[in-house]
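Chain letters run A, B, ... following the sequence lines, proteins first and then strands; every chain starts at 1. No hydrogens, no waters, no symmetry mates; every other heavy atom, side chains included, goes into these values.
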There are 2 protein chains.
Amino acid sequence: MTDPLEPISRRSTAAIVADRIRAAIMRGTFPPGTQLGEVDLAQRLGVSRGPLREAMQRLVAEGLLRSERHRGLFVRDLDAADVRDVYTARTAVERAAALLLLAAPDRAPAVARLTTAIAAMEAAVAAGDAVALADADHEFHAELVAASGSPRLHRMSRTLLVETRMCLAALQQNPPPPESLLAEHRLLRDALEQGDATRMTAVLEAHMADAVSRILDVTLVDPAAGESGEAPALPA
Amino acid sequence: MTDPLEPISRRSTAAIVADRIRAAIMRGTFPPGTQLGEVDLAQRLGVSRGPLREAMQRLVAEGLLRSERHRGLFVRDLDAADVRDVYTARTAVERAAALLLLAAPDRAPAVARLTTAIAAMEAAVAAGDAVALADADHEFHAELVAASGSPRLHRMSRTLLVETRMCLAALQQNPPPPESLLAEHRLLRDALEQGDATRMTAVLEAHMADAVSRILDVTLVDPAAGESGEAPALPA
DNA sequence: GGTTGTACGGTTGTCGACAATCGCATTGGG
DNA sequence: CCCAATGCGATTGTCGACAACCGTACAACC
């Protein structure tokens with residue numbers, strides 16, 4: 001599959017560090033709001049503060065971290081507006097990717113990959129593994145955008161998917177109903193396979209709307225003291 | 001307008017440097033493919049290599065620069081596929097922004113700002129100033145996305161607009177017909193003002209398709225030795 | 001003549017240390 | 001008892017220097 005020759009292309013240390021931190025944020029190792037000390041992270045990763053700071057700047061540019069002068073770097077915490085915004089942007093990106101895929105000459109391999117992701121979701125549901133389910137969900141959408149062949153949509157999507165995981169990690173306590181989640185993804189794949197653009201966009205938008213309403217409803221129900229319509233994710 | 005008090009919020013040096021470099025790239029000061037020496041830039045901007053490298057990482061993450069290990073940083077040069085990709089992503093982002101704007105309670109101020117941008121375009125056309133026309137065009141689309149109130153769409157748009165300017169700078173020799181450009185923007189504003197979503201998306205997509213075909217046709221006509229369908233922006 | 005080996009210049013990658021700034025605990029005063 | 005001022009600790013921001021690496025040009029060899 002992968003050519004063992006040629007493009008060894010060792011990535012820069014900053015890129016590797018950025019990927020690590022990104023994965024850690026996505027995984028929930030660093031909950032939103034936590035401060036990331038530079039010296040601590042640097043010696044934990046075995047690098048100096050220079051490359052680490054470069055990696056941090058990348059993540060700040062992506063919107064995953066928030067930098068305060070002489071205060072430090074903090075993992076961004078997302079409020080209700082952010083949740084809506086993430087899903088608005090995701091809808092825009094994934095819709096464009098899907099339309100690009102529909103215009104492609106051969107979308108069979110893409111459909112196959114989506115089916116693989118769905119299979120992973122099914123296995124996760126069968127095993128009752130919520131984390132694996134979220135992973136497979138993530139993989140489904142990542143594959144969808146990657147298959148479009150658009151590097152810019154792909155890059156945007158990567159950041160947005162990480163933010164999605166941040167939202168989900170905040171309310172991991174209340175997982176979504178696995179059946180409807182699976183059904184929505186199957187619908188998405190089917191619409192893509194059949195080449196029905198209008199149906200695909202409709203399903204995609206419904207899927208996103210469902211997700212955001214699910215997240216926001218949960219967060220609004222939980223505190224049980226909701227006079228203001230604001231989400232409770234702002235403890236400050 | 002701007003409150004002279006309080007939020008002084010001195011931005012980080014890296015952010016300022018990144019903005020400078022970004023503006024320089026957009027302005028065409030650094031043509032695509034040029035290598036950016038760190039020591040040279042650092043002492044020209046009056047900062048050390050540390051903050052400058054952080055700024056560079058931001059631009060690399062945005063896709064404006066390309067980093068090669070131990071080789072240096074280069075301004076990315078865009079080929080035909082990149083042009084299509086930029087406009088695909090722009091269509092996705094601006095369409096979402098416009099739809100968001102249509103759903104907003106009051107879109108009058110946004111329309112006013114777009115009208116201001118159109119007025120600037122008209123003035124540029126009257127003066128025959130191609131650079132001012134491009135600036136106004138840029139401002140129109142930037143305002144459109146900014147008015148949507150979505151920070152993520154706004155961030156994506158900013159990078160994409162810089163890349164658009166990079167494309168335009170490459171073929172500045174052959175400016176687009178000002179009348180049709182103006183007409184398309186007026187149509188866009190009108191559709192937005194009237195709240196006609198389907199017409200707005202149609203106009204927007206047509207506008208983007210026009211732009212990309214204009215750019216690619218120009219680049220394909222120019223070399224006059226086009227056997228391969230590839231764009232000539234790959235001198236390597 | 002073509003190819004390989006080698007020395008060189010320049011660039012990036014990385015590191016450690018110093019200075020500036022901020023938050024917080026302590027202490028003095030009202 | 002509460003509030004304000006101050007000193008301290010910790011963290012970030014910045015800088016200069018060293019080491020590693022790559023591309024190129026020249027020379028030697030087959």
Which whole-number value in Å describes the distance from E68(A) CD to dT12(D) P? 12 Å
Rounded to the nearest 0.5 Å, what separation is found between the CD atom of Q35(A) and the CZ atom of R66(A)? 9.5 Å
5' priority, DNA chain D, between E54(B) and R49(B) [closest heavy atom]: E54(B)
For Q35(A) and dG9(D), what is the distance between atoms CD and C1' respectively, to the nearest whole Å? 14 Å
Which nucleotide, dT12(C), dT14(D), dG13(D), lies nearest any side-chain atom of T13(B)? dT14(D)
Whole-Å distance, L65(A) CG to dT12(D) P, equals 12 Å
Is D210(B) paired with R214(B) through a side-chain N to carboxylate O contact shorter than 4.0 Å? no
Rounded interatomic separation in angstrom, taking CZ from R69(B) and P from dC21(D): 8 Å
Whole angstrom is fine here: how far is it from CG in D40(B) over to P in dT11(C)? 9 Å
What is the distance, rounded to the nearest whole Å, between atom CD of Q43(A) and atom C1' of dC15(C)? 14 Å
May I ask you to say what G72(B) touches in the nucleic acid, namely base, sugar-phosphate or nothing, with a heavy-atom cut-off under 4.0 Å? sugar-phosphate
Does the distance from a Lys or Arg side-chain N to an Asp or Glu carboxylate O, for E163(B) and R90(B), drop under 4.0 Å? no
Under 6.0 Å from the CZ atom of R113(B), do we count more than 12 heavy atoms belonging to anything else shown? no
In whole angstrom, give the distance that lies between atom CD of E38(A) and atom C1' of dC15(C). 14 Å
Which is more 5' along DNA chain C, the nucleotide nearest H70(A) or the one nearest G37(B)? Just name the residue. G37(B)
Where does the angle between the aromatic ring planes of H185(A) and H207(A) fall among parallel (under 30°), tilted (30 to 60°) and perpendicular (over 60°)? perpendicular
For the pair made of CG in L52(A) and P in dT11(D), what is the distance, rounded to whole Å? 14 Å
Residue R71(A), side-chain heavy atoms: nucleotide from dT12(D), dC15(C), dG23(C) that is nearest: dG23(C)
V47(A) side chain, from C-beta outward: closest of dT12(C), dC15(C), dG16(D): dC15(C)
